[in-house]
Amino acid sequence: MYDVIIIGAGVIGALTARELSRYELDVLVLEKESDVSCGASKANSGIIHGGFDAKHGKIKSEFVREGNQLFDELEEELNFGFRRCGSFVLAFSEEERQKLLNLYDNGIKNGVNDLSIIDRESVLKLEPHINPDVKYALHCPSAGVASPYELVIAAAENAVTNGVHLLLNHEVLSISSNVEYYSVHTQNMIFQSRVVINSTGVNSDKVAQMVGDNSFSIIPRRGEYILLNKSEGRLLNKVLFQAPKKNGKGILVTKTFHGNLMLGPNAQEILNPDDVSTNLEILEQIVTTARKTLPSFDIKKTIRSYAGIRATSSTYDFVIGRYNNSNFINAAGIDSPGLTSSPAIAKYLVRLVEECGLNLKEKKHFDPNRKAIIVKKQNHFGGSIDNEDPSKNIICRCEIVTEAEIIDALSRGLYVDSLDAVKRRTRAGMGPCQGTFCGPRVSQLISKNNKIPIEKVTQRGKGSSSLPHREDKQFWKKLEKMNSESL
Ligand SMILES: Cc1cc2nc3c(=O)[nH]c(=O)nc-3n(C[C@H](O)[C@H](O)[C@H](O)COP(=O)(O)OP(=O)(O)OC[C@H]3O[C@@H](n4cnc5c(N)ncnc54)[C@H](O)[C@@H]3O)c2cc1C
């Protein structure tokens, strides 16, 4: 019997688990995938929005500014990667200037107090590579960029350190209830709890329906991206939007927390919420639109394209609250700016848990801190490939990731057994070669550390495979030799 079961370990589930771990409560997180942050929280723009865009009066507008303001403290405690770089919304005509004024007014209503509209000269002084045809920009210095999946990983690690139970590979299939508690069913287990929180992203309508809540549905909206080399990221510092179009914020151009240039996303309603494919025509449109903002990037420096799926609700707003005054709480339909709002939503969900009748007694030994995995390398770092010292032994050449960092990632409270899970924690495989060099070496470290046969190490967790087919005898012989030598 748990006090609270959280279904879904995206940014909402993980941060809520961490908030709840401040109190003397038994908390369980159930996640269907083999790692945390496998939904929208993995593939998004990573922008910590200023808060001027969410239409005043919507539920979103109540969380976004508060969320933005909580990021400095979160970064100090959890070390996931956050930088307050500021944002511009660009206007290329007088008509678009009116849109900036509308955003400005909306921002003031939402409590964003650092907005200003600046002229062309000031824009180009701050960002010299922007299209010189620009006329004005709405400047929001408090916007920022974060590494979204690292935030989820950090919050989940910290929650586990503070006593939360996390079960990966546990998809919730049904929920039944009696007056006192809910029974949450996964494939082989039943868990009981007094309160249930539904933070299942694109599946949140289906999970709500398990308790009879049919009040909303989810419309999956895919957004595609192009990620370029860090050389192109040097062309800018701020998050660059264009004046909003019919479909919302539109294509943005930004430097990710780790310094890559990122272009996207579009917004396309789709039927299959798992369809993260990208499509050439859309990518071409993204490049064309992005060039209006930043004309000079070199598209040949593209590393990869990818897509994320927004869980847009049929109310076109976040769905947050107790269903029919019960102890089933929705944190559903959290599309953009959900990442920004997540720390504020997590705190609000704790208040709802208290409203459900649970006694929130603070823990004496709550530890808010979690150390970074990625170590900043100075010029005198002196690492090399096949160095005997794990802190100097370079496993990933592109991103300069050492054996020590990978072992650290494998030795935290969360079980890590795929190349992508290591990639999200350490950046091994994120660079231009996309893991061609480091993939087998990372596999070997996972196999050795977790004491599992190397062929059990997958690219993305259950149901995926990263390694060549068995027919490639030469590859396998080599790999097995490496493995037996190191085990
Ligand atoms: C293209 C795109 C761009 C975005 N850009 C931004 C941005 O720049 N700034 C911003 O603030 N926000 C942005 N967002 C929004 C932000 O990413 C989301 O609001 C946020 O990640 C939602 O988190 P979540 O925890 O609700 O959902 P998710 O991250 O999707 O997590 C849900 C979790 O539930 C699990 N799950 C589902 N069903 C079950 C089940 N039955 N049993 C167990 N587990 C289950 C899933 O596997 C998943 O891990 C963007 C989103 C997208 C897609």
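Remember, it's 1-based here, ligands and their atoms both numbered in the order they're listed. All values below come from the heavy atoms of this structure, side chains included, with hydrogens, waters and symmetry mates left out.
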Ligand 1 N/O within reach of N44 N/O, cut-off under 3.5 Å:
yes
Ligand 1 versus P337, non-hydrogen atoms closer than 4.0 Å: side chain, backbone, both, neither?
both
Could you check whether Y415 and S34, counting side-chain N and O atoms only, form a donor-acceptor pair closer than 3.5 Å?
no
Nearest protein heavy-atom contact for atom 48 (C) of ligand 1: which residue, which atom, what distance?
E31 OE1, 3.5 Å
Say whether E224 and ligand 1 are in contact under the criterion: heavy-atom distance to a ligand atom below 4.0 Å.
no
Short list, please: which atoms of ligand 1 are under 4.0 Å from a heavy atom of E33?
47 (O)
Heavy-atom distances under 4.0 Å decide this one: backbone, side chain, both or neither, for I334 against ligand 1?
both
Row check, Y136 ring normal vs R97 NZ/CZ: under 6.0 Å, within 45°:
yes
Pairs under 3.5 angstrom only: tabulate donor-acceptor contacts from the side chains of residues 330-341 to other protein residues two or more places apart or in another chain.
from: N330; atom 1: OD1; to: N198; atom 2: ND2; distance (Å): 2.9
from: N330; atom 1: ND2; to: D213; atom 2: OD2; distance (Å): 2.8
from: D335; atom 1: OD1; to: K60; atom 2: NZ; distance (Å): 2.9
from: D335; atom 1: OD2; to: T312; atom 2: OG1; distance (Å): 3.0
from: S336; atom 1: OG; to: K249; atom 2: NZ; distance (Å): 3.3
from: T340; atom 1: OG1; to: I47; atom 2: O; distance (Å): 3.1
from: T340; atom 1: OG1; to: H49; atom 2: N; distance (Å): 3.0
from: S341; atom 1: OG; to: P337; atom 2: O; distance (Å): 2.7

Listed partners of F82 passing ring-ring contact (aromatic ring centres under 6.0 Å, His included), at least two apart:
F71
Please classify the N203 to ligand 1 contact at 4.0 Å (heavy-atom distances, strictly less than): side chain, backbone, both or neither.
side chain
Checking Q459 against D420: is there a side-chain donor and acceptor pair closer than 3.5 Å?
yes
For ligand 1, note which part of L30 has a heavy atom under 4.0 Å away: side chain, backbone, both or neither.
backbone
